[in-house]
Amino acid sequence: MTCWDVLERRTKMEWDKAVEAIYEVRSRLEEQQMLCERVQKIAEQYQEKIKATQGSATRFGDIRLYRNSLKDMQHAVGSIRRQIAILELELTRKRSLLTQVEMERQKYQKLIEREKERAAKAIARQEAQALDEIGGQLHYRKSKLA
């Protein structure tokens with residue numbers, strides 16, 4: 001095992017970790033997006049209730065409660081959107097890290113392939129030299145016998 005094999009194995013482990021980190025960020029991002037959609041739907045329902053209660057003779061306390069709840073939902077949506085933006089930035093960083101690790105892994109793979117090619121050429125050279133020696137010896141013996 002060469003040093004390139006060890007380095008390639010390390011980058012493969014880093015690649016696996018980066019992929020796992022991306023998967024975790026994606027799952028958290030999806031959860032936040034689903035949560036944001038649910039909270040937006042609840043906020044829309046509060047808006048509809050406010051519109052419905054303003055037209056009829058209802059208590060002021062009910063309208064005030066709906067408005068406060070609507071503000072809370074809008075604040076929650078804003079907070080969730082900020083969290084989504086943070087997760088998207090984190091996902092972008094993780095993807096760039098994955099790209100760097102992949103490039104490094106490919107570099108080591110190419111170095112391993114070059115090392116194998118060099119070894120194969122060296123073996124072929126040695127075999128050619130051995131065959132040349134044998135051929136030279138046979139030629140020398142034939143010329144002596146003749």
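Residue numbers run from 1 in the order of the sequence given. Remember, it's a predicted structure, so these values are computed and weren't measured experimentally.
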Are any of the side-chain nitrogens in D16 or K12 under 4.0 Å away from the carboxylate oxygens of its partner?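 Yes.
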Verdict with reasoning, Q33 to R81, per side-chain contact (heavy atoms from CB on, under 4.5 Å): CA-CA 8 Å; Q33 288 172 338; R81 285 186 179 158; over 6 Å; no
Supply the atom-to-atom distance [X] [atom1] to [Y] [atom2], rounded to the nearest 0.5 angstrom.
| X | Y | atom1 | atom2 | answer |
| --- | --- | --- | --- | --- |
| Y23 | R26 | OH | CZ | 10.5 Å |
| L35 | I84 | CG | CD1 | 8.0 Å |
| K94 | T99 | NZ | OG1 | 13.5 Å |
| L65 | I50 | CG | CD1 | 9.5 Å |
| R67 | K49 | CZ | NZ | 15.5 Å |
| L87 | E24 | CG | CD | 12.0 Å |

Walk me through it: do Q32 and C36 pass the test side-chain contact (heavy atoms from CB on, under 4.5 Å)? CA-CA 6 Å; Q32 291 296 317; C36 185; over 6 Å; no
Could you pull out every donor-acceptor pair under 3.5 Å between side chains of residues 100-108 and any protein atom, sequence neighbours left out?
unit_1: E102; atom_1: OE1; unit_2: W15; atom_2: NE1; d: 3.2
unit_1: E102; atom_1: OE1; unit_2: R105; atom_2: NE; d: 3.1
unit_1: E102; atom_1: OE1; unit_2: R105; atom_2: NH2; d: 3.1
unit_1: E102; atom_1: OE2; unit_2: R105; atom_2: NH2; d: 2.8
unit_1: E102; atom_1: OE2; unit_2: Q106; atom_2: NE2; d: 2.9
unit_1: E104; atom_1: OE2; unit_2: Y108; atom_2: OH; d: 3.4

Donor-acceptor pairs under 3.5 Å, side chain of residues 111-120 to any protein atom, not counting sequence neighbours: which ones?
none

Does L138 sit in a hydrophobic cluster with other residues, and if so which ones, taking ILVMFWY side chains as linked at heavy-atom separations under 4.5 Å, directly or through other members?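 Result for L138 is I134.
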Can you tell me which residue pairs pass the salt bridge (charged side-chain N to carboxylate O under 4.0 Å, His left out) test with a partner in residues 82-92, sequence neighbours excluded?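 Sorted result for residues 82-92: R28-E90.
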What pairs of residues pass the salt bridge (charged side-chain N to carboxylate O under 4.0 Å, His left out) test when at least one of them lies in residues 30-39, not counting sequence neighbours?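 Sorted pair list comes back empty.
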[Y] and [X], any side-chain heavy atoms less than 4.5 Å apart:
| X | Y | result |
| --- | --- | --- |
| Q83 | S79 | no |
| R93 | L97 | no |
| L91 | R95 | yes |

Any residue meeting side chain to side chain donor-acceptor pair (under 3.5 Å) with N68, in chain and number order, not counting sequence neighbours: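 Side chain to side chain donor-acceptor pair (under 3.5 Å) list for N68, sorted by chain: empty.
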Is V19 reachable from I22 through a run of hydrophobic residues whose side-chain heavy atoms are each under 4.5 Å from the next?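 Yes, because I22 and V19 connect within a single hydrophobic cluster, where side-chain heavy atoms sit under 4.5 Å apart.
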